[in-house]
Amino acid sequence: MKVEKNNVVALIYSLRIPDNDGEMDIVEVVTEEDPMYFIQGISGLPEGFELKIEGLSTGDTFDFTVAPEEGYGEFDPEAIVELPKAVFQSDDIDQEELLEIGNIVPMTNEDGERMHGQVVEVKDDVVVMNFNHPLAGKEMHFEGSILSIRPATDEEISHGHVHGEGGHHHE
């Protein structure tokens, strides 16, 4: 069986990205103890990643780079915004703890879409947030192997995620 649309794929990998000096830093490692499972074609993973593993079989290894335009896009300076500090006020949230530099804050935009922003700077009246994906503008180098492949069930496809081993468990 091969990696193709609507197949559940289990794989392991290491992800490296260049640091500010161009040296490759490992930023994520997925091991056999806790492999990644996803449905090819509806995974939410970068399109460039899915394209590179398309057609591989169980036991195949991979070693490739995904450019920003095939990954999480280029870094968008307009995705860095200043929001009024009042937006972050709530009776049940410690605002000071929430607004620590580097924290990722889940938010909803004016269209009701969920998004995540990283706190970049906290000023007197405003908070500077970065809504770029953390890997936007980064070249991503993946190295790993395919552990298993199976057809996704109709239920998994309709739900958009893997059930059972390595997947989502409905109560």
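Start at 1 with the first residue, then count along the sequence. Not measured: the values here are computed from a predicted model.
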Hey, could you give me the [atom1]/[atom2] distance between [X] and [Y], rounded to the nearest 0.5 Å?
X      : Y      : atom1 : atom2 : result
His141 : Asp63  : NE2   : CG    : 3.5 Å
Phe75  : Lys138 : CZ    : NZ    : 9.0 Å
Glu143 : Leu15  : CD    : CG    : 11.0 Å
His133 : Met115 : NE2   : CE    : 13.0 Å
Asn7   : Ser148 : CG    : OG    : 10.5 Å
Glu139 : Met24  : CD    : CE    : 6.5 Å

Min side-chain heavy-atom separation [X]-[Y] under 4.5 Å:
X      : Y      : value
Thr58  : Met1   : no
Gln40  : Glu4   : no
Met107 : His116 : no
Phe62  : Leu11  : yes
Val119 : Met129 : yes

So does [X] have more than 12 non-hydrogen atoms from other groups sitting under 6.0 Å from [atom1]?
X      : atom1 : result
Asn109 : CG    : yes
Asp125 : CG    : no
Asp111 : CG    : yes
Glu28  : CD    : yes

(request) Decide yes or no on side chain to side chain contact (heavy atoms under 4.5 Å, CB included) for Glu82 and Val127, but give the supporting numbers first. (result) CA-CA 5 Å; Glu82 289 189 354; Val127 178; over 6 Å; no
(request) Using the six-membered ring wherever Trp is involved, compare the ring planes of Phe142 and Tyr13 and label them parallel, tilted or perpendicular (cut-offs 30° and 60°). (result) perpendicular
Would you name the heavy atoms of [X] and [Y] that are closest together and state the gap between them?
X      : Y      : answer
Met36  : Val30  : N-CG1, 3.5 Å
Lys85  : Asp124 : CD-O, 3.4 Å
Gly71  : Pro46  : CA-CB, 3.6 Å
Phe49  : Val66  : N-CG2, 3.9 Å
Glu156 : His163 : OE2-N, 2.8 Å
Ser57  : Lys2   : OG-NZ, 3.3 Å

Side-chain heavy atoms under 4.5 angstrom apart, residues restricted to Ile, Leu, Val, Met, Phe, Trp, Tyr: same cluster for [X] and [Y]?
X      : Y      : value
Ile146 : Phe64  : yes
Ile26  : Ile12  : no
Leu147 : Val29  : no
Val81  : Val122 : yes
Val27  : Tyr72  : yes

(message) Tell me which one of Thr61, Val9, Val3, Ile149 satisfies side chain to side chain contact (heavy atoms under 4.5 Å, CB included) with Leu56.
(response) Val3
(request) Verify, without hydrogens or angle tests, whether Asn103 (side chain) and Leu98 (backbone) share a donor-acceptor contact under 3.5 angstrom. (result)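 Yes, Asn103 side chain to Leu98 backbone: donor-acceptor pair under 3.5 Å.
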(message) Looking at Asn132, is its backbone amide N or carbonyl O close enough to the side chain of Asn130 to form a donor-acceptor pair, meaning the two atoms are under 3.5 Å apart?
(response)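 Checking the backbone N and O of Asn132 against the side chain of Asn130, a donor-acceptor pair under 3.5 Å is found.
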(request) Report the C-alpha distance between Glu33 and Thr31 in whole Å, list the side-chain angles of each, state the deciding distance to 0.1 Å, and finish with yes or no for side-chain hydrogen bond (donor to acceptor under 3.5 Å, both in side chains). (result) CA-CA 5 Å; Glu33 288 76 43; Thr31 64; 3.0 Å; yes
